[in-house]
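The structure appears below as structure tokens.
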Amino acid sequence: MDIQLSEQEIMRRNSLEQLRRMGINPYPADLYPVDAYSDEIRTHFEDAAPQRQVVIAGRIMSRRIMGKASFIELQDSRGRIQVYVSRDDINTEEQPEMYNTVFKKLLDIGDFIGIEGFVFRTQTGEISVHAQRLRLLSKSLRPLPIVKYKDGVAYDRFDDPELRYRQRYVDLVVNDGVKQIFEKRAKVFSSLRAYFASFGYTEVETPTLQSIPGGASARPFTTHFNALNIDMYMRIATELYLKRLIVGGFEGVFEIGKNFRNEGMDRTHNPEFTCMEIYVSYKDYEWMMTFTENLLQKICLDVNGTTEVKVGDNVISFKAPFRRVTMLESIKEFTGKDLTDKGEDEIRQICQELHLEVDETMGKGKLIDEIFGEFCEGNYIQPTFITDYPIEMSPLCKRHRHNPELTERFELMVNGKELCNAYSELNDPIDQYDRFVEQMKLADKGDDEAMLIDHDFVRALEYGMPPTSGMGMGMDRLVMLMTGQSTIQEVLLFPQMKPEVKPQKDGVEKYTAIGVPEEWVEPLQKLGYDKVVKLQGLNPNKLFQDLCGYNKKNKLGLQNPSKESIASWTEQAS
RNA sequence: GAAUCGCUAGCUCAGCUGGUAGAGCAACAGACUCUUAAUCUGUGGGUCCAGGGUUCGAUCCCCUGGCGGUUCACCA
């Protein structure tokens, strides 16, 4: 337990004790028979209908007390409902102080209570529950931030992002709309699973802990496996494992899971994030484009009830079909440069003409990627498939059927960002091996994101993989789009934060060890000497003044220590 | 990683190029039987992020550090 409690926390702990003394268990064990919810009570209410009895439960979010009657707002999992509590209704023979003492004095905002009563409409027109019995279900010992709403405007918002993310539970309780984001997130996932299930594809799980991190260009997290005494990596993609399963004979497999990338952290990146990857045999990337646009249209409809969604100032339409543009067309459109049949040196030249910063470690693929990223990507607000990437950028992708310099690949751009990435998967094991070797050369050149050779994956391909199309989608980004959020932190329940650091204080025994009487430890700590070391070399006269002053100001009534004993503390502290 | 802004009561924020702090909500005491940001009266609550410097004196000025926001760069 924390040593330092705020005044309000002490009050609540005192109330807890008093409840126990009154024979009220603040944390009862038995089931509470809830049979109604805030939202449905309102929608089902009819003024003419016979009175409805309900049992509801939730958190007290506000109280308006007027003598013998009160209104509280009770928040359950679906929203809030007003409850009318009057003294003569809830007092009982066993508990005649239920209203005046228990309800008015010992209960607080944040406590969970259960209400039995009937639904009615107040004089001011609000559908409410008239309490006939009230029961404490769980006492809250820490005051919640109080956010008040009127006409949709929030007053005293709890909006410091650090506090909100670190204490998401508080954010969810007090801030309107936060829970809805995560309910929508769940709906995105269930809609996606339902779509895949309708095709008969299988959801699988593959290793998160890998000895060769493959399937993407990214820096991995390293960890250590004691039993084998080897370093291992957190996965950066699921691709290579899922394709092994296509080799094994699945018609279609998909995985929704966390990837981990040891890179930056900002409003669109979290070190762990959720990706969906799907692989379907006997398909190509053309089929996958249609499959993907139908998927997104369905998700948007299921989640928002429409194919349009507002993100920032943009309205994005997920109505299929989406526009399709090849990568070289796109670059030509936005830069005027035609890269068709250009070599690495020519492209590096073009990069310089476009004032792009490039260096010698960049291969042709990466150079083209730079141009696209700088001049094109951000322009695609409406969903647009960018197709036919240069072969150097796509080591796991099949060569284009009409042009061996290109690959059968698409990325889906939405709101200026990549949302999906898909291929006609490379299934030529010899080609695949050679491309891994190319990646190794890039790694030797200094590209620390280049892939390592996964020999087992090549072996799997040697047994034969049917023609396959695969697609990966950033689920967090998808949820951002579907909920209109502009930061990834808003769609992750617990985004990565720097560890919370608590200042460490010395214990009482460290003070008594240098001769400080126990009753003076707290005043010393309050004055800022929370570590014995801080007393070292201090002017005893100043400390004497401070302590006597503190004693007087706070009316502690302690006998002031002598200057001599204070001098001995400061000496012994060293 | 860079620039910039911020850190003051449980929460949201004031605080005059310097004299150890204020408001609203929350809390506490009281009034009030249909209120709804309830209202009215009264009270308490603070290592002003941390450390150092300048000064008789620092929440305020300077330096260093911590944490966070925003913008930018890199990665999905």
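Atom set for the values below is all heavy atoms of this structure, side chains included, hydrogens, waters and symmetry mates excluded. Residue numbers begin at 1 in each chain, while the letters A, B, ... track the order of the sequences. Everything quoted here is computed from the prediction, not taken from an experiment.
- Residue A:Tyr84 places no side-chain atom within donor-acceptor reach of the base of B:U35, judged by atom type and a 3.5 Å distance cut-off alone.
- By the stacking rule of 5.5 Å between ring centres and under 30° between planes, A:Tyr149 does not stack on the base of B:A37.
- Separating the CG atom of A:Asp266 from the P atom of B:G68 is a distance of 14 Å, rounded to the nearest angstrom.
- For A:Ser140 and A:Arg12, the side-chain atoms include at least one donor-acceptor pair closer than 3.5 Å.
- Among the atoms of the strands shown, only primed sugar atoms or phosphate atoms (P, OP1, OP2) are found under 4.0 Å from some heavy atom of A:Arg267.
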Worksheet item: For every nucleotide of nucleotides 5-15 of chain B, 5' to 3': is a protein heavy atom under 4.0 Å from its base (B), only from its sugar-phosphate (S), or from neither (-)?
Response: -----BSS---

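- More than 12 heavy atoms of other residues, nucleotides or ligands shown are found within 6.0 angstrom of CZ on A:Arg78.
- A side-chain donor from one of A:Tyr380 and A:Ser330 sits under 3.5 Å from a side-chain acceptor of the other.
- As judged by a 4.0 angstrom heavy-atom cut-off over every strand, A:Met66 is placed among the base-contacting residues.
- OP1 or OP2 of B:A38 has at least one side-chain nitrogen or oxygen of A:Lys148 nearer than 4.0 Å.
- Among the protein residues, A:Tyr165 comes within range of no part of the nucleic acid, since none of its heavy atoms lies under 4.0 Å from any strand.
- Residues A:Arg42 and A:Gln82 bring no donor and acceptor atom of their side chains to less than 3.5 Å of each other.
- Between the side chain of A:Ser86 and the base of B:U33, no donor-acceptor pair under 3.5 Å is found.
- Below the 3.5 angstrom threshold, one finds no donor paired with an acceptor across the side chain of A:Gln123 and the base of B:U35.
- Within 4.0 Å of A:Asp88, counting heavy atoms only, lies at least one base atom of the nucleic acid.
- For the pair A:Arg168 and A:Phe494, the NZ or CZ position fails the cation-pi test of under 6.0 Å to the six-membered ring centre and within 45 degrees of the ring normal.
- Considering A:Arg164, A:Arg166, A:Lys179 in turn, A:Arg164 is the only one that fulfils the salt bridge (charged side-chain N to carboxylate O under 4.0 Å, His left out) rule with A:Asp171.
- The CD-P distance, from A:Glu73 to B:U36, rounds to 12 Å in whole Å.
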